[in-house]
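Encoded as structure tokens, the structure appears first; notes follow it.
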Amino acid sequence: MGKDVIIACDFDSAEKTFAFLDRFTEEKPFVKIGMELYYAEGPSIVREIKKRGHRIFLDLKLHDIPNTVKKSMAVLRSLDVDMTNLHAAGTIDMMKAALEGLTREDGTRPLLIAVTQLTSTSEERMQNELLINASINDTIVKYAQNAKVAGLDGVVCSPLEAGMVKAACGSDFMTVTPGVRFADGEVGDQVRVTTPEKAKAIGSDYIVVGRPITQADNPVEAYRRCIREFVG
Ligand code: C5P
């Protein structure tokens, strides 16, 4: 599996997104479109970025009854993204339904990965508010196993969790990991962070990097540094 860096394009307009992407004249980075940009601009932003030649991870984290998720995935598949996601908490049935909806008539489909527990959820809150009576690591591993049983390609998790997911689900099961910071950079609101080099050593397949690139004085240089440290 090829390792790559995905840039989180967390902008609130097409204008800002294109001003950012226009700076990349020599490479076509893999980009993540999240809820903020998608809700601001709708499906046209996906089509326009695709037309520019970028691979796209559409990060909308679907979570609803299986039939609704299946039909929504069938709509998303026409956008021709490369990767999309949902919440594993929706159950194995929901994940199977999502895969069915996402699969095109010729049998091809975008990669589908599951969010296990959001990295913003602490073990204490998961136990006290969600009444999940297990450790957060056991919960993450169980949700990853459920995603594998449903036939998904992998999970989104902290780079610090990638090793245990690989140990439980096999090295081919993809880990896509946000929460990456340069050793000499600012952490911001992320808590469980690591560097691109360490994410590589732990076994992440894709790192998702937002502010260390988008807010850098020289985003292209910051992206190249991520590639150097993570891909080598
Ligand atoms: O700016 P930063 O590098 O922190 O951006 C990380 C990106 O990954 C953001 O788009 C954030 O929403 C996303 N993400 C995350 N943690 C998760 C899931 C997604 O940081 N568990």
Side-chain angles (χ1 to χ4, degrees), residues 4-13 16-17 20-21 29-41 45-46 49 54-63 81-90 111-123 125-126 130 132 136-137 139-141 143-144 147 152-162 164-165 174-200 202 204-217 219 221-227 229-230:
D4 209 348
V5 174
I6 302 178
I7 304 180
C9 282
D10 293 325
F11 300 107
D12 61 8
S13 73
K16 287 179 198 163
T17 307
F20 172 74
L21 291 177
F30 200 142
V31 302
K32 178 172 92 72
I33 300 174
M35 291 185 206
E36 183 185 8
L37 184 57
Y38 190 79
Y39 291 152
E41 298 288 347
I45 189 73
V46 178
I49 294 178
H54 297 271
R55 282 164 298 151
I56 295 175
F57 168 22
L58 187 58
D59 177 20
L60 299 181
K61 301 187 179 71
L62 275 67
H63 188 178
V81 296
D82 299 274
M83 185 188 295
T84 191
N85 64 355
L86 45 61
H87 273 282
L111 293 168
L112 183 60
I113 58 176
V115 176
T116 55
Q117 282 291 338
L118 290 170
T119 45
S120 53
T121 305
S122 67
E123 183 167 83
R125 289 197 172 155
M126 186 193 76
L130 307 182
I132 295 175
I136 195 142
N137 283 353
T139 310
I140 289 164
V141 165
Y143 284 22
L152 269 65
D153 303 293
V155 291
V156 185
C157 61
S158 152
L160 303 169
E161 292 150 8
M164 72 185 187
V165 167
M174 270 173 38
T175 54
V176 178
T177 65
V180 174
R181 292 293 180 265
F182 292 122
D184 53 2
E186 283 178 28
V187 171
D189 61 347
Q190 291 281 15
V191 182
R192 302 190 64 201
V193 299
T194 195
T195 63
E197 276 164 316
K198 286 197 184 128
K200 178 183 183 181
I202 300 169
S204 296
D205 297 295
Y206 293 90
I207 51 172
V208 176
V209 187
R211 288 161 291 179
I213 296 175
T214 58
Q215 306 301 312
D217 292 337
E221 252 324 300
Y223 172 73
R224 288 181 183 156
R225 180 175 171 191
C226 274
I227 293 279
E229 293 187 8
F230 183 67

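Just follow the structure's listing: the first ligand is 1, and inside any ligand the first atom is 1.
The shortest distance between side-chain heavy atoms of V176 and M83 falls below 4.5 Å. Contact of the I213 side chain with the C226 side chain is registered, since non-hydrogen atoms from C-beta on lie closer than 4.5 Å. Counting only heavy atoms from C-beta outward, the side chains of T214 and D10 never approach each other to under 4.5 Å.
Ring geometry for F30 against Y206 counts as perpendicular: the plane angle is over 60°, on a 0 to 90° scale with 30° as the lower cut.
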Nitrogen or oxygen contacts under 3.5 Å, ligand 1 side and protein side:
| residue | atom | partner | partner atom | Å |
| --- | --- | --- | --- | --- |
| ligand 1 | 1 (O) | R211 | N | 2.7 |
| ligand 1 | 1 (O) | R211 | NE | 2.7 |
| ligand 1 | 3 (O) | R181 | NH1 | 2.9 |
| ligand 1 | 3 (O) | G210 | N | 2.8 |
| ligand 1 | 4 (O) | R181 | NH2 | 2.8 |
| ligand 1 | 4 (O) | Q190 | NE2 | 2.9 |
| ligand 1 | 4 (O) | R211 | NH2 | 2.8 |
| ligand 1 | 10 (O) | D10 | OD1 | 3.3 |
| ligand 1 | 10 (O) | D10 | OD2 | 2.7 |
| ligand 1 | 10 (O) | K32 | NZ | 2.9 |
| ligand 1 | 16 (N) | T119 | OG1 | 3.1 |
| ligand 1 | 20 (O) | Q190 | NE2 | 2.8 |
| ligand 1 | 21 (N) | T119 | N | 3.4 |
| ligand 1 | 21 (N) | T119 | OG1 | 2.9 |

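Of the possible donor and acceptor atoms, none in the side chain of D82 sits under 3.5 Å from a partner among the backbone N and O of F57.
In this structure, A40 and D12 approach most closely via the heavy-atom pair CB-O, 3.4 Å.
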